[in-house]
Every structure is written in C-alpha cells, then in structure tokens.
Amino acid sequence: MSLVVQKFGGSSVATAERIMAAARRAIRAKQEGHQVIVVVSARGDTTDELIELAHQITDKPPAREMDMLLSTGEQVSIALMAMAIQSLGEPAISFTGAQIGIVTDSFHTKARIKNISTQRIRQALDEGKLVIVAGFQGIDEDYNITTLGRGGSDTTAVALAAVMKNNNGAGSQDVACEFYTDVDGIYTTDPRIVPEARKLDVISYDEMLELASVGANVLHSRSVEFAKKFDVLLQKRSSFTDLEGTWIVPESEWMREVVVCGAAMVKDEARVAIEGVPDQPGVSHRIFAAIAEQNIAVDMIAQNVGVRGKASIGFTVLKNELPSTLAVLGPLAASLGAKIEHEDEVSKVSIVGTGMRTHTGVAERMFAALTDAGVNMKMITTGDIKISVLVNRADGVKALRAVHQAFGLDKMRAGRGLLGQLVQGAFKERPAALVEDGGRDLTSITQNLSSMEDIVVSDVLLSTDQGRITIFNLPDQPGNCSKVFQAVAGGGIVVDLIVQNLSGPGRAQLSFSVPRNDVLRALQLTRTVAKSIDPGIDVVAEPDIAKLFVLGVGMRTHSGVARRMFGALATRGINISMINTSEVRVSVVVDTDRGEEALAALKEAFHVP
Ligand code: ADP
Ligand code: ASP
Ligand code: MG
C-alpha cells in the first residue's frame, strides 16, 4: 500500500479551523487509498513565543531546557490534530518524537537524527489509523529531549518518509511527502521580500538543497538532503488550495539549460577574518576543527593566497554564532600570533542554478548587476552550482532584487508548464526520459549508513588542467570585480573557482582559476584592467594548480566535512591555498606536485574506493 507523509507547518495549524481543514485533507488521502502519516509543527508563532519567554527568564537559557520547552509546541499540535481527525470519525493516534524512537545525537537545539524505529508507526498504520507525529523533536541516547534546529519539522517528515520507504520488510514502499504551508510552492526567491518572484513547477534536489542552505527558509535544508539521499519525492504546496505546488525531483537534462533558478539571502551573518596566520599546512585545519568541535557551521570560507609566509583566512558564520565563534578563536589566534577582525552588519546574497555547471559568464553577470545597483561585495565564494557574495546588511534587499532581475527570474522559466503529474509519473517509472537517475545504488548507500545523517560522499576527483590568477590589493569598491570578470569573459575564458576576501583596510584579494591554456591570456587581460583601476595593484599567475573535489550530499551543512578534508591533508603536510564549499561539492586547491597524494588521502578519509 502506498504511503503519504503530509507535513503541516505552523501557519497551517494556527487555529482550530485550520486544524480541522488539515484533518480533512489527511482523511481525504486515506480515503484515496493511502496510508497516512501527518507531521505537524508548533501552532502559528508558538516557537518564537516560547523562545521569547525563555529570554525573559534568562539571557542564556540552557540548551537542554530550551529543547524541553520548545518541544511542547509540537506536542500541543499533535494532540489537537488527532482529536480533530477522530472527531471526523476516523481513527488516529498521536506520537511525540520520543514515543516513536526518533533517536538523535545530543547537540541540543541542533540535533541530528541517528535512527528511527518504524515498528510502532507501522503497527498503528496497519491497524488502519492515521498516525500523527510531532515534528522537530527527538530523544538522545540518555532520554533527553532534543530538537533539530529551526524549521526542523520538515526534516522529521522526510526522515519518516525515508525510513518507511527503505525499511519496509517487503521491499521499497511507494512513499510521497507533501509539505502544506502558506505559500503555494517554491518561488525564485522569497516572495515576501521580492514580490515579483515567480513560482517554480519543478526544481532539482541539488538546486533546492543549495537554495535552502543559502537562506531560502522555505524548506529545512537537511530535509532536502534526506530526500536526495533516500530518493523521496517532495512537493511543497498551499494548505489553503488544491493547486499543484512545486515538485522537488532528481535533476533532468532540460534543467541544465536554466543558468539560474533562484536567489536567496541570509540576512544576519557575521564576518570573521584571521589575519597573519602562518601559511603552513594544518593551520586551517586547526582553526576549522576548533569551530566544528562546537558544532558551529562555517558558511563562506575564503582563504587568501599567502604573502611572505603569512595568509589570512576569512569566513562567515550566522550572526548569533559570532560570540561562540570568537570565544573559540581567541586563544587559538593568540597562539598562532594572528589577529582577529570581525563585523556583524553583513548579509549574504546567493544565486543557484544547475546550468552554472555548463554555462559561462554567470559570475560576471551577477557582479555587473550588483555594480549597477551600487552594491559593494566584501567577500565572494563560488560552489558547483552557486555563487555567494557578502554585502553590507543595508544593501541586502537591494542586492537580492538586482540579481533576481538580472537573471530574468521574474520571467517564465524554461520547462515551465511541465505538469507535476508528468514529473511524478516519470519519477516513478525510472529510468525515463524526463528524470535521470544518476546511476546511484541507493540500497547499498543506505545500508552502509550507520546513522541516517551520515555524510554521503560519492566521489573524490583531481583536476590538474587549471591555473590561477591572483590580484593583490584590489581597492574594495563597487565595480572592481565586475570589471575584472568582464575583461576575462570578454576573452572567452571560462572561470571556475572564485574567491575574494578582504585583505587589509580598504583592500581585497581576488583569486580565480581558469583553464591552464588560458592562464597567460587571462593574466594579460587582468593586468590591463587592474592597471586601469590602480597602477599599484599586483597581479600574479600560477600556471598550474591541483584542484580536488569531494562530491556528495549535504557537504556544507555537515560541519564535519571540511574538518575531515583539512585533517586528511594536514596530517600529510599538504597546504591548501583555495577552498570552496557547496552542498554538493567541496573543492580545494593544493600545490600541483602534491595532487596525486592529496587525492589518495581524501579517498581514504571519505572511504571512496
Ligand atoms: P511552514 O511554517 O509551513 O514550515 P515556512 O514559513 O517555513 O512554512 O515556509 C514558508 C515561507 O517561506 C513563505 O511564507 C515564504 O515567505 C518563505 N520563503 C523563503 N524563500 C522562499 C522561496 N524561495 N519560495 C517560497 N517561499 C519562500
Ligand atoms: N516549530 C519549529 C520552528 O518553528 C519547527 C518547525 O516549525 O519546523 O522552527
Ligand atoms: Mg518551515
């Protein structure tokens, strides 16, 4: 029998009336012949109100008690939902996370799911009941209540769908996961911030994963990670209508023609720079390991090319994690003889699109749009299918709108009009023309996971066909980067990694990689522009570099990936000179003559044959 997991967000259970509407929807699914699991969030703004209440008691609520408090919001919702369904004449039973054995690690307020036992749910479903589960919560091995991070009910829903699908004694069960909310789907950007945003019919897992991880709070990024990892079909749709929502599915050929599918912003970021660190193997590992130890996710990372034995490392964290980040870094920087600089009035704006893998000039268009809007970029990092820039918070919305417009996101996307039904059909009957499979052996991948949230690394690759251009002391003003990339793109040269970091008062360092055959031409073009900006700017070329890629799922939000990567290289004394992170790929640049060795080290670290 097929199974539907329906997740209702806070707005969809805010009032008794809405709870009744949600209950009717769940019953309808059952009457259509499915088994039904309903996952609910806390009602309306309950979670925010509880947090506020805690802060009225103390400035620093202990994380364990915070979880005890916040989990109550969802518990209210499940009880009411079960009552609603029963009042409509259908059998239903509610469960907290602990009751159905959602076991997590012990990182309170941002716990990760280790495993879920399906027995109790399966039994209730087989008895013909609708099963109502509290989202967002679990229990650790010592029976402490934990929560999964804001927005975590999404992750509960997909995790349940994933285990039900893959741990079905009789084989894989047909499982779908629907998210009911106050928007009718996934938009090109948050429609509350940019009203001209457009709804997408379909988006790929990678695009959604990347968008969610760069700030599109429409789905919890880990929920998309689970969906991709365990092959769960998702749909985000309105709880107020029966309109088709947005399908989140594996990537297909036509998506690659769309260069940019969406944009997003993280409003409250903080930038930290550690200046004057010894440019030696293992230093970045020490820094990022110490931060990861505290379960703080580092966001953008931009490591400058060292000058006279000293390098500077710039990175961002969420603004509310700045104090704990500084607390970790203080003693470390002192022991390295380095200086820490930080600011917390910054926002990150990103664009995402599968087409970036094959189309050139994307960065250049983004930077030109920001320049035209008069926005200065403090940091730039690129990933496989995303580009992020850090700007002053005051410029955030302006920057988001500018890039949204520059990529025509307010216009129809190619492939629009594809009926969701068609997509769903193709997904089920894979391999089919519409949706590609990617050739993954899911059964063996999932069987090899000791915990649901293990990192899945599918490959480690080495590329030695690139060189690098570095510009030192570029004046930190709007338009300079844009000029550089316009010139390089004008020469028909494809730019891959881009890293820009502030390198001193009013100055930035910009590095990018280009195909080795184009290095000399890129150097000439860059020098010419640089001289026109300021004759004192230095431009150097490194004709060959070794680039290593680690490919997988959820690479950036697992604070452990970068740590493991740096650790594996550090223990062999291999220095990292550039880093780029995204949800599906982490890249590092090392000296050419250490490339093969680094490849072997990373394969070993990530157990890739
Ligand atoms: P729920 O409470 O149902 O989990 P959320 O509030 O988490 O719902 O998600 C819905 C909200 O996400 C919308 O109201 C919208 O403002 C916001 N949002 C952010 N980015 C996007 C996007 N790209 N598309 C649609 N909604 C978005
Ligand atoms: N109630 C939690 C929150 O507001 C979890 C969720 O809604 O997904 O973050
Ligand atoms: Mg949500």
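Whatever order the structure lists them in is the order used to number ligands and atoms, beginning at 1.
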### Query
Any Lys/Arg nitrogen of Arg25 or Asp242 sitting under 4.0 Å from an Asp/Glu carboxylate oxygen of the other?
yes
### Task
Give the single entry among Thr246, Leu219, Asp190 that approaches atom 19 (C) of ligand 1 most closely by any heavy atom.
Asp190
### Task
Taking all heavy atoms of Val13 and all of Ser41, pick out the closest pair and write down the distance.
CG2-O, 3.7 Å
### Message
Strictly distance-based, threshold 3.5 Å: is any side-chain N or O of Asp190 a donor or acceptor partner for the main-chain N or O of Arg192?
### Response
yes
### Summary
shortest atom 8 (O) of ligand 1-to-protein heavy-atom contact is with Thr181 OG1, 3.0 Å
### Query
Do Ser11 and ligand 1 have an N or O pair less than 3.5 Å apart?
no
### Query
Are any of the heavy atoms in Pro191 under 4.0 Å away from ligand 1?
yes
### Query
Quick one: does Gly152 get within less than 4.0 Å of ligand 2, heavy atoms only?
yes
### Query
Of the protein's non-hydrogen atoms, which lies at the shortest distance from atom 26 (N) of ligand 1, and what is that distance?
Val218 CG2, 3.4 Å
### Summary
Near Ile186 (heavy-atom distance under 4.0 Å), the atoms of ligand 1 are 24 (N)
### Summary
re atom 7 (O) of ligand 1, the protein heavy-atom contact at minimum distance is Asn217 O, 3.5 Å
### Message
Could you check whether any side-chain heavy atom of Phe367 comes within less than 4.5 Å of a side-chain heavy atom of Ile387, counting everything from C-beta outward?
### Response
yes
### Message
Would Gly215 count as a contact residue for ligand 1, given that I'm defining contact as a non-hydrogen atom of the residue lying under 4.0 Å from a ligand atom?
### Response
no
#### Entry: Approximate separation, where rounding is to 0.5 Å, of Glu251 CD and Arg357 CZ
5.0 Å
### For Thr189, the ligand 1 atoms whose distance to one of its heavy atoms is below 4.0 Å
22 (C), 23 (N)
### Per-atom contacts of ligand 2 with Arg150, taking only distances under 4.0 Å to non-hydrogen atoms
3 (C), 4 (O), 9 (O)
### Query
Side chains of Thr146 and Asp67: is there a donor and an acceptor less than 3.5 Å apart?
no
### Query
In the protein, which heavy atom is nearest to atom 6 (C) of ligand 2, and how far is it?
Ser153 OG, 3.3 Å
### Summary
Under 4.0 Å from one or more heavy atoms of Ser41, ligand 2 contributes atoms 6 (C), 7 (O), 8 (O)
### Query
Can you find a pair of side-chain heavy atoms, one from Val362 and one from Phe407, that are under 4.5 Å apart?
yes
### Task
Spell out, as yes or no, whether a donor-acceptor pair under 3.5 Å connects the side chain of Asp154 to the backbone of His220.
yes
### Query
Do any nitrogen or oxygen atoms of Phe136 lie less than 3.5 angstrom from nitrogen or oxygen atoms of ligand 2?
no
### Task
Give yes if a backbone or side-chain nitrogen or oxygen of Ser41 is under 3.5 Å from a nitrogen or oxygen of ligand 1, and no if not.
no
### Query
Does the side chain of Val584 come within less than 4.5 Å of Leu551's, by heavy atoms?
no
## Note on the structure
Looking only at protein heavy atoms, what sits closest to atom 23 (N) of ligand 1 is Tyr187 O, 2.9 Å
### Task
May I ask you to test the Leu160-Ile100 pair for a side-chain heavy-atom distance under 4.5 Å?
yes
### Task
Ignoring hydrogens and angles, state whether a donor on the side chain of Glu269 or Thr316 is under 3.5 Å from an acceptor on the partner side chain.
yes
### Task
Specify side chain, backbone, both or neither for Glu74, according to which of its non-hydrogen atoms lie closer than 4.0 Å to ligand 2.
side chain
### Query
Taking distance alone, with no angle check, do Asp182 and ligand 1 share an N/O pair under 3.5 Å?
yes
### Message
Between Ser213 and Ser221, is the side chain to side chain donor-acceptor pair (under 3.5 Å) condition met? List the steps.
### Response
CA-CA 5 Å; Ser213 91; Ser221 75; 5.8 Å; no
### Query
For ligand 1, is there an atom lying under 4.0 Å from some heavy atom of Lys7?
yes
### Task
Check if Gly73 has a non-hydrogen atom at a distance under 4.0 Å from any atom of ligand 2.
no
### Query
Does any N or O in the side chain of Ser238 come within less than 3.5 Å of the main-chain N or O of Phe240, such that one atom is a donor and the other an acceptor?
yes
### Message
Could you identify the single nearest non-hydrogen protein atom to atom 14 (O) of ligand 1 and state the distance to 0.1 Å?
### Response
Arg192 NH2, 2.6 Å
### Summary
If we number the atoms of ligand 2 from 1 as shown, the ones under 4.0 Å from a heavy atom of Gly151 are 3 (C), 5 (C), 6 (C), 8 (O), 9 (O)
### Close side-chain approach of Lys348 to Met379, heavy-atom, < 4.5 Å
no
### Query
Under 3.5 Å, N or O to N or O, is Asp154 touching ligand 1 that way?
no
### Query
Relative to the heavy atoms of Gly10, which atoms of ligand 1 are at a distance of less than 4.0 Å?
2 (O)
